[in-house]
Amino acid sequence: MIEPLLEFVGFIPLLALSSALVWGSTIIYSLYIHPLSKIPGPKLWAISRIPFARSFMAGTAVQDIEKLHRKYGPIVRTQPNAVSFAHPDAWQDIQGARSSSGGKPYLKDPTWWKSMSSASQSIATAIEHDTHARIRKTLAPAFTLRALKQQEPLLQRGVALLIQRLQEKITKADGTSDSFDIIPWFNFTAFDVFGDIAFGETFDCLETSNYHPFVALICESIKSHSMVLGIRLFPELEYVFKKWVFPYMMNEKQKKYGTAVIDRVNRRMQWDVSRPDVMSYVIAANEKGAMTPGEVQATFQTLTLAGSETTATTLSGIMTQLLTHPEAYEKLVGEIRGKLEKEGDITLDALKNLPYLNACLNEAMRLCTATPFTLPRIVPKGGDKVCGTWIAGGTSVFILPWAVNRDPNLWHDATSFHPERWLPGAMEEKSPFSNDRRDTLHSFGEGPRKCIGMHLAWAEIRLILTRILWSLDLELVEKTIEWEQQKVYVLIERGPLIVKLKERGDTQ
Ligand code: HEM
């Protein structure tokens with residue numbers, strides 16, 4: 001009885017010694033022999049995936065890695081096999097088409113991009129170039145400027161309902177509203193407008209002045225989605241989590257509302273109507289069988305999230321900046337009310353030509369970018385030069401817009417909100433912003449996988465912001481959003497922004 005125990009106890013030092021040897025040689029390999037050993041960065045991050053995963057799952061990765069960039073430079077090793085770039089050339093090198101990759105961009109890193117919930121691929125989760133190109137070609141006509149012109153009445157209708165709902169809040173005798181959090185209203189509008197433009201049904205958020213359970217679910221699940229992504233960095237654990245943990249994380253709400261988009265997609269496909277929504281283009285292209293039904297469903301699920309969360313984040317960002325910079329707020333309201341006399345003057349075409357509005361939006365997209373961390377790509381076999389540095393094939397590489405957009409070497413007074421840096425005067429030699437690297441702001445990505453919804457996003461953001469500022473005066477009651485400290489779980493977790501409204505004071 002005692003003998004096997006003694007045998008086992010005797011085995012422990014051997015086990016400890018062999019583990020120490022394996023660990024020791026892995027550490028020495030990672031630090032001194034690995035093809036990325038010359039890339040600067042903290043040693044702990046170079047030998048283990050744990051520090052990155054911890055920081056990512058805590059929602060502080062963008063701030064933590066920004067600090068690493070300030071210390072180690074624009075190229076930093078963030079995991080044994082991953083490198084972050086905060087370099088002006090990174091957009092072209094990592095996301096652009098490369099001659100070294102046969103004129104194609106690097107493939108998306110499946111650890112980050114492969115769909116977790118759907119067997120079918122979507123425009124965003126498709127890894128292979130051919131599948132992506134086929135899906136993108138089917139959707140592209142729905143997102144041109146021409147299509148947007150036809151979709152404008154749908155957009156205007158959604159935004160008009162937002163304004164009506166906000167005006168209904170003005171119930172006090174002194175002509176003001178009670179204090180309320182304006183952030184959910186950006187979510188309501190973004191999801192409703194996109195639902196209407198995508199498949200002809202809103203989520204009734206503005207109708208009911210409340211979250212549709214599906215929209216609430218999406219907002220709540222942003223954090224848990226990041227947990228899952230963090231776990232994926234450890235393929236050895238993923239099987240256990242997939243089999244034993246994730247099924248239990250799927251709650252009743254998820255089961256009930258998870259199909260909210262698919263149901264709408266299926267309903268829309270049965271309609272025999274002519275309306276210029278995104279689905280009408282897909283139906284037309286699908287007469288030739290361009291996308292499978294599974295791809296259509298997966299793509300509309302992606303579009304709903306990609307098309308709404310990002311827009312709502314940008315609106316939250318610009319509103320936070322304007323309400324905390326009263327001089328910019330006043331100047332923008334002056335431009336909007338001065339140049340747009342009647343409500344009917346607020347058209348998408350007119351808004352393109354308001355210089356201060358567009359300067360404010362560019363500046364908000366710089367500091368409050370909706371995608372502060374871009375999901376990684378894989379350097380092709382054989383390796384490649386990225387931003388002038390040789391990176392081994394198979395390395396996971398990503399851009400950190402959060403750090404590029406705050407780099408004091410690229411921007412004057414980098415962390416402050418200055419819409420002026422986007423006005424023509426900023427190019428003049430005497431301007432403090434004359435050396436700003438405006439060309440490094442790529443809010444919508446770069447290359448063949450650049451945001452397909454860019455025109456729609458600009459239109460929606462300009463229209464929502466302008467119509468609010470044209471109709472209403474806003475007063476900041478309480479700012480609980482400190483944008484610099486916002487947690488980022490791939491997308492940004494946005495805190496409350498408490499405001500009061502009143503009807504605009506001057507003539508209408
Ligand atoms: C301010 C709002 C938005 C921002 C900042 C934004 C940003 C981005 C970025 C940076 C990418 C590239 C991601 C990557 O490849 O790593 C992207 C891709 C994408 N965006 Fe947007 N986006 C916005 C609004 C929209 C809207 C309104 C839609 C609606 C359809 C949309 C749909 C997509 C899709 C489908 C992709 C993937 C494209 C592809 O892989 O071909 N986005 N977006």
Stepwise salt bridge (Lys or Arg N to Asp or Glu O under 4.0 Å) check, Arg494 with Glu309: CA-CA 11 Å; Arg494 287 164 278 129; Glu309 252 301 313; 2.9 Å; yes

Derivation of the side-chain hydrogen bond (donor to acceptor under 3.5 Å, both in side chains) call for Asn81 and Ser396: CA-CA 6 Å; Asn81 198 31; Ser396 183; over 6 Å; no

Determine yes or no for a side-chain-to-main-chain donor-acceptor pair under 3.5 angstrom, with [X] supplying the side chain and [Y] the backbone.
{"X": "Ser122", "Y": "Ala124", "answer": "yes"}
{"X": "Thr347", "Y": "Ala350", "answer": "yes"}
{"X": "Thr125", "Y": "Gln121", "answer": "no"}
{"X": "Ser308", "Y": "Leu305", "answer": "no"}
{"X": "Thr299", "Y": "Glu295", "answer": "yes"}
{"X": "Gln63", "Y": "Glu484", "answer": "yes"}
{"X": "Arg134", "Y": "Ala290", "answer": "yes"}
{"X": "Asn405", "Y": "Arg366", "answer": "yes"}
{"X": "Asp192", "Y": "Asp204", "answer": "yes"}
{"X": "Arg377", "Y": "Lys108", "answer": "no"}

Test log, rule side-chain hydrogen bond (donor to acceptor under 3.5 Å, both in side chains), inputs Arg438 and Asn362: CA-CA 10 Å; Arg438 284 166 284 267; Asn362 269 315; over 6 Å; no

Ring geometry between Phe203 and Phe191 (parallel below 30°, tilted from 30 to 60°, perpendicular above 60°):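 Phe191 vs Phe203 ring planes: perpendicular.
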
Aromatic ring pairing Trp185/Phe188, orientation class (parallel under 30°, perpendicular over 60°, tilted between): perpendicular

What's the separation between atom [atom1] in [X] and atom [atom2] in [Y], rounded to the nearest 0.5 Å?
{"X": "Cys360", "Y": "Ile318", "atom1": "SG", "atom2": "CD1", "value": "5.0 Å"}
{"X": "Phe143", "Y": "Leu456", "atom1": "CZ", "atom2": "CG", "value": "6.5 Å"}
{"X": "Thr202", "Y": "Arg157", "atom1": "OG1", "atom2": "CZ", "value": "8.5 Å"}
{"X": "Leu375", "Y": "Thr371", "atom1": "CG", "atom2": "OG1", "value": "9.0 Å"}
{"X": "Asp196", "Y": "Leu161", "atom1": "CG", "atom2": "CG", "value": "10.5 Å"}
{"X": "Ile65", "Y": "Thr60", "atom1": "CD1", "atom2": "OG1", "value": "9.0 Å"}

Identify the two heavy atoms, one from [X] and one from [Y], that lie closest to each other, and give their separation to 0.1 Å.
{"X": "Cys368", "Y": "Thr313", "result": "O-CG2, 4.4 Å"}
{"X": "Leu469", "Y": "Tyr329", "result": "CD2-CE1, 3.7 Å"}
{"X": "Thr369", "Y": "Pro401", "result": "CG2-CB, 4.4 Å"}
{"X": "Thr395", "Y": "Ala82", "result": "CG2-CA, 4.3 Å"}
{"X": "Ala86", "Y": "Val404", "result": "CA-CG2, 3.6 Å"}
{"X": "Ala61", "Y": "Ser55", "result": "CA-OG, 3.1 Å"}

All ring pair (Phe, Tyr, Trp, His ring centres under 6.0 Å) counterparts of His442, not counting sequence neighbours: Trp91

Could [X] and [Y] be called an ion pair, given the rule that one side-chain N must be under 4.0 Å from one carboxylate O?
{"X": "Arg268", "Y": "Asp277", "value": "yes"}
{"X": "Glu128", "Y": "Lys104", "value": "no"}
{"X": "Arg49", "Y": "Glu236", "value": "yes"}
{"X": "Lys487", "Y": "Asp64", "value": "no"}
{"X": "Glu343", "Y": "Arg467", "value": "yes"}
{"X": "Asp178", "Y": "Lys500", "value": "no"}

Would you check if there is a donor-acceptor pair between the side chains of [Y] and [X] at a distance under 3.5 Å?
{"X": "Gln164", "Y": "Glu168", "result": "yes"}
{"X": "Gln156", "Y": "Glu152", "result": "yes"}
{"X": "Asp93", "Y": "Tyr106", "result": "no"}

Option passing side chain to side chain contact (heavy atoms under 4.5 Å, CB included) with Leu315 (candidates Ile464, Ile468, Thr310): Ile464

Working for side-chain contact (heavy atoms from CB on, under 4.5 Å), residues Trp422 and Leu361: CA-CA 9 Å; Trp422 299 97; Leu361 287 175; over 6 Å; no

Looking at [X], I want to see if its [atom1] is surrounded by more than 12 non-hydrogen atoms of other residues, nucleotides or ligands under 6.0 Å.
{"X": "Arg267", "atom1": "CZ", "answer": "yes"}
{"X": "Arg54", "atom1": "CZ", "answer": "no"}
{"X": "Leu237", "atom1": "CG", "answer": "yes"}
{"X": "Lys137", "atom1": "NZ", "answer": "no"}

Trace of the side-chain contact (heavy atoms from CB on, under 4.5 Å) decision for Lys339 with Asp345: CA-CA 9 Å; Lys339 296 237 170 97; Asp345 294 341; over 6 Å; no

Flag the pair [X] / [Y] as yes when at least one side-chain heavy-atom distance between them is below 4.5 Å, and no otherwise.
{"X": "Ile182", "Y": "Leu474", "value": "yes"}
{"X": "Leu348", "Y": "Leu148", "value": "yes"}
{"X": "Leu233", "Y": "Phe56", "value": "no"}
{"X": "Ile452", "Y": "Ile123", "value": "yes"}

is_close_aromatic(Phe373, Trp112), centroid dist under 6.0 Å: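 Aromatic pair counts; centres sit under 6.0 Å.
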
Aromatic centroids of Phe398 and Phe85 separated by under 6.0 Å: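 No.
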
Arg165/Glu207 under salt bridge (Lys or Arg N to Asp or Glu O under 4.0 Å): CA gap, chis, key distance, verdict: CA-CA 8 Å; Arg165 288 288 175 263; Glu207 205 55 62; 3.6 Å; yes

Over-ring placement of Arg337 relative to Trp470, 6.0 Å and 45° cut-offs: no

side-chain contact (heavy atoms from CB on, under 4.5 Å) evaluation trace for Arg232 with Thr111: CA-CA 6 Å; Arg232 274 183 153 196; Thr111 304; 4.2 Å; yes

side-chain contact (heavy atoms from CB on, under 4.5 Å) assessment of Glu460 paired with Leu155: CA-CA 7 Å; Glu460 215 177 315; Leu155 254 174; 3.5 Å; yes

